[in-house]
Amino acid sequence: MAHLFRDLSLGHSKRESTPPPLQTKPRMPPSKLTSTDLQYPLGQLASQLTDSDLRLTAYDVFLAVCRTSSSKPLSSSASASASASNSDSLGYNSPSQNNSHSPNSPALQRSLTSAAASKMKKALGLKSPGSKKSPGSGPGSGEGKSKRPTTVGELMRIQMRIPETVDSRVRRALLRIGGGLVNNAASDTRWGGGLHEDFTIFILDFTDQQEYDAWQKRNLKVLEAGLLLHPRVSLDKSNNASQRLRQIIHAALDRPIETGKNNESMQVLRSAVMSLASRSDGSFSDSCHWADGIPLNLRLYEMLLETCFDINDETSIVEEVDELMEHIKKTWVVLGINQMLHNLCFTWVLFHRFVATGQVEMDLLYAADGQLAEVAKDAKATKDPDYSKILSSTLTSVLGWAEKRLLSYHDTFDSGNIYTMQGIVSLGVSAAKILVEDVSTEYRRKRKGERMEKADSSRRASKNQPNPLPVLAILAKDVGELAVHETKVFSPILKGWHPLAAGVAMATLHSCYANEIKQFISGIMELTPDAVQVLRAADKLEKDLVQIAVEDAVDSEDGGKAIIREMPPYEAETAIANLVKGWIKTRLDRLKEWVGRNLQQEVWNPQANQEGYAPSAVEILRIIDETLDAFFQLPIPTHPALLPDLMAGLDKCLQYYVMKAKSGCGTRSTYIPTMPALTRCEIGSKFQGVWKKKEKSQNSQKRNSQVATMNGDNSFGMPQLCVRINTFHCIRSEMDVLEKRIITHLRNCESAHVEDFSNGLSKKFELTPSACVEGVQLLSEAVAYKIVFHDLSHVLWDGLYVGEPSSSRIDPLLQELERNLLIISETVHERVRTRIITDIMKASCDGFLLVLLAGGPSRAFSRQDSQIIEDDFKALKDLFWANGDGLPADLIDKISSTVRGVLPLFRTDSESLIERFRRVTLETYGSSARSRLPLPPTSGQWNPTEPNTLLRVLCYRNDETASKFLKKTYNLPKKI
């Protein structure tokens, strides 16, 4: 019980620091009571004395001390019955009728009365039954008619089950021995030596030699136990008397000692016994110490105390216990007993009797508990090591027994015996207060709790079910039921010893289950239905236990905070979250690996399906849909809380798919050729055609080097790029479908709340939609500029206006553009088709201006060519307008605004262009440009008011004025 009321943080208990209990086999009292689970604390005898030997010896001591308590000798019991009717004192007469020895011993011959209630029983709280069978009717009272004992001596004989023949023999021997010892001051304490002074005294009363030999052996073994094995005063190894006595006793056990006063062995025996018994320890200098060593004296004294219980009713103390105890205490002087040892022994006897008789007589338990109050006073008043050793051993036995029941009190107590629990707890607390300084600081919450053995039967039963529950889930359910039972049945009782009994019990159950669940959590490697079931059961159990503890402590000073601190969270929800996060990570890692692998194998075939997007996109959307379904099917209570993690991961995977799909497809700048260096036209040269052909070849080489990476890979062809665009559009469209489906899943979740729907950010894909939009924009431009500058370079860059503009007009380019636009219309989804066509028109306008302003030396334009150029550009616009079926007119106007702004420059005369160029340059560069006009950089932003645009129109003007200006101002060459 000490550790039952001990805080775990206190380390080793005081109970553990006390001397270990004396090891002994449980002794069977005279009534053969059993208490197999009770450790015997009073010590084990090293001799081979039986319970019968000890009982007879205790009776000898009792008769002797009662004899010596009076100045008159005892009479035999043989004459007692003969004179019973003639004597009010019911005394015993001498068998020889010798009046010189006939006076009775008033101590033993005192008449018994039960007229008044026993003071001792009243003090112990023991009830007196209405009627009892006479102790005289029990076994050992002799044959014939039952009679009620009328004297203390007769009551003791009956209670100890001593036959009348044995009683008479002992009394006669005491009369013979005491004949010469009357009025001897030492007779009361030297009885042991006198009894064994001459065995001849006793042999006269034996008719059977074997019976005498057995009697002699018993007494020799008693002398061995009292003087050699368990002496009050320790023996020196060199003590000659002890060696002689040991030799005689061992020899006599094999061959009885011959009787006779002159027998040498008898004389040596007498001398050795008196020598050893007369040794003093300083406390009783005139005493003979033959039966006052521990544990012999405690065993003998226990035999005497057991006589207080009625032999016919083993749970009741006799009514005459006051007179009986008065005589038993007279043996203290022989047995070396004091009040402290008496209190301790009597406590043990009361407690042992309660246990051995089936734990039904609560008065015995309460009496033992009350007696412990006296023991507690004694324990504080003495530091005697022998007493402390016996005290520790006794209390340890009591505590061990109480602990065994209280540690599993749900199994020990039920509605039929719940009334015993209060008494056992009280006894345990009383004993614990003696072993530890202050039980209030030790108690805390360390009733070690239930061992949860109920889960074993539940687990075995569960295995036979079609869908067996995990063991720890069963255990959590059983512990929860245990907690409810504890609160209703046991906590009201235990609250008398602890103000937070229910809270302590909940903390104990919480701690016990924590040992199991934490070990389980540490071993979980992946999310499984069983794992989730166990964790959810643990979470529910914890919340229930904490709720009970809080309600129990609502009136305490701290509101139950101390108890709650002793219930560290199981972190079941955290464990579930971590497992789900691990599950999410595994799914996402697999998905990302799948994306990388499948994109490498994807051919972006326009004929793969009717929708015109990549099969890999269909598959990744299917996987994402299945992942979401699997997530919401997980038996967890935290779907809304963990959904953002899954959404963010899926979003990144889709973004990764889009980024990988658009990588390597090129951009607008990839396909626009590098502008050639500025030159001036060579007017009237006969080699003009040759230089044009050479320049055409050089420009073609430069352009081909820029797009060489595209030519050898069919996955980057125009149809394949269109499939990628369709794919991005498809993914973007499916985002809305997935988000709506997620909302539906959330509405069906048991743990969803209103706020889970109000916060829309956690249910949306944030990265993928913008990535898809950017991907469509990038690939739309890439497709447009690839068509115009790469696929149609032979009719645009290499053909349009090369040589004479009138003979190399825009018609071939328009035909090719129309063919590609038809392909796009059949391949690209209608929702993105307009965007691609718009980008193609933008690319066409850029290409048209690039031919006019950066077409290289192979191109030259006169003022008369301006009409051709304007007509061709109108034809280009008409292609995209398509008689109203193409792009909107306002969009066409917006796209063509730059070209329309530049074309008037081609019909303007050279002098005006030069003058405008000078003015714009001066405005741009200020006074620093007056001495020498700087060469304006190429911005690529064509504009009729921009210096570089005006300069380029002059560079491609086929007249003398423009050529001389460029020569004089910038010294531009006529060829590259």
Side-chain angles (χ1 to χ4, degrees), residues 666-679 681 688-711 716-718 721 781-821 839-861 865 868-873 875-877 879-880 895-896 898-899 902-903 906 938 940-942 948-949 952-953 955-958 975-976:
T667 61
R668 174 179 180 274
S669 60
T670 303
Y671 299 99
I672 295 178
T674 303
M675 294 184 186
L678 291 175
T679 59
C681 291
Q688 185 175 3
V690 176
W691 292 118
K692 289 181 179 179
K693 293 179 180 178
K694 183 177 180 180
E695 179 65 20
K696 174 182 177 182
S697 176
Q698 291 176 347
N699 290 342
S700 178
Q701 290 176 359
K702 291 182 181 180
R703 180 178 66 255
N704 291 338
S705 66
Q706 294 171 346
V707 297
T709 56
M710 306 300 168
N711 291 336
F716 294 100
M718 187 267 289
L721 292 178
E781 277 193 348
V783 167
Y785 282 81
K786 180 179 184 300
I787 291 174
V788 173
F789 290 96
H790 179 265
D791 297 348
L792 304 184
S793 62
H794 61 288
V795 293
L796 174 68
W797 193 253
D798 296 338
L800 183 62
Y801 303 141
V802 173
E804 290 294 331
S806 60
S807 60
S808 54
R809 297 184 66 170
I810 201 171
D811 294 335
L813 174 62
L814 297 179
Q815 293 174 4
E816 291 295 328
L817 279 175
E818 186 174 11
R819 184 177 62 84
N820 280 274
L821 290 174
D839 286 335
I840 293 175
M841 183 177 179
K842 289 180 180 179
S844 300
C845 291
D846 288 347
F848 190 75
L849 281 177
L850 198 62
V851 167
L852 296 178
L853 300 176
S858 62
R859 292 180 171 87
F861 304 100
D865 294 332
I868 295 175
I869 294 172
E870 291 178 4
D871 292 342
D872 285 351
F873 182 64
L876 179 63
K877 291 192 296 180
L879 173 66
F880 289 97
I895 296 172
S896 61
T898 302
V899 180
V902 172
L903 288 184
F906 285 87
T938 302
Q941 302 296 322
W942 313 127
N948 187 262
T949 302
R952 286 182 175 276
V953 173
C955 288
Y956 292 96
R957 174 60 60 89
N958 187 13
K975 59 182 178 179
I976 299 174

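Nearest approach of A782 to G666, heavy atoms of both residues: CB-O, 3.5 Å. Of all heavy-atom pairs between R859 and W797, the closest is NH2-O, 2.6 Å. Across every non-hydrogen atom of P676 and Y956, the tightest pair is CG-OH, 4.4 Å. In plain terms, the two heavy atoms of V902 and F906 that are nearest each other are O-CD1, 3.9 Å. C681 approaches A860 most closely through the heavy-atom pair SG-CB, 3.5 Å. A pairwise comparison of heavy atoms in I895 and C845 identifies CG2-SG, 4.0 Å as the closest pair.
Residues V788 and Y785 have side chains not in contact (no heavy-atom distance under 4.5 Å, counting atoms from C-beta outward). For the pair L903 and L852, the minimum side-chain heavy-atom distance is below 4.5 Å. Side-chain atoms of I869 and F848, non-hydrogen and from C-beta on, do get closer than 4.5 Å to each other. R809 is listed as a side-chain neighbour of D871, based on a closest heavy-atom distance under 4.5 Å.
Note: C955 SG to N948 CG = 8.5 Å, rounded to the nearest 0.5 Å. In this structure, M675 CE and T938 OG1 are separated by 6.0 Å, a value rounded to the nearest 0.5 Å. Atom CG of L792 is separated from atom CD of Q815 by 11.5 Å, given to the nearest 0.5 angstrom. Of the inter-residue distances, the one linking R957 atom CZ with D865 atom CG reads 9.5 Å to the nearest 0.5 angstrom. Rounding to the nearest 0.5 Å places CD1 of I672 at 6.0 Å from CG of D846. Between the CG atom in L821 and the CE atom in M841 there is a gap of 11.0 Å [rounded to 0.5 Å].
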Determine, step by step, whether H790 and T670 satisfy the side-chain contact (heavy atoms from CB on, under 4.5 Å) criterion, reporting the C-alpha distance in whole Å, the side-chain angles of both residues, the deciding distance to 0.1 Å, and the verdict.
CA-CA 10 Å; H790 179 265; T670 303; over 6 Å; no
Stepwise side-chain contact (heavy atoms from CB on, under 4.5 Å) check, R952 with L678:
CA-CA 8 Å; R952 286 182 175 276; L678 291 175; 3.4 Å; yes
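Evaluated for a side-chain contact (heavy atoms from CB on, under 4.5 Å) with D872, the options I810, L814, L813 yield exactly one hit, I810. A side-chain contact (heavy atoms from CB on, under 4.5 Å) with W942 is found for exactly one of V953, V899, L853, namely L853.
A donor-acceptor contact shorter than 3.5 Å is absent between the side chain of S858 and the backbone of V802.
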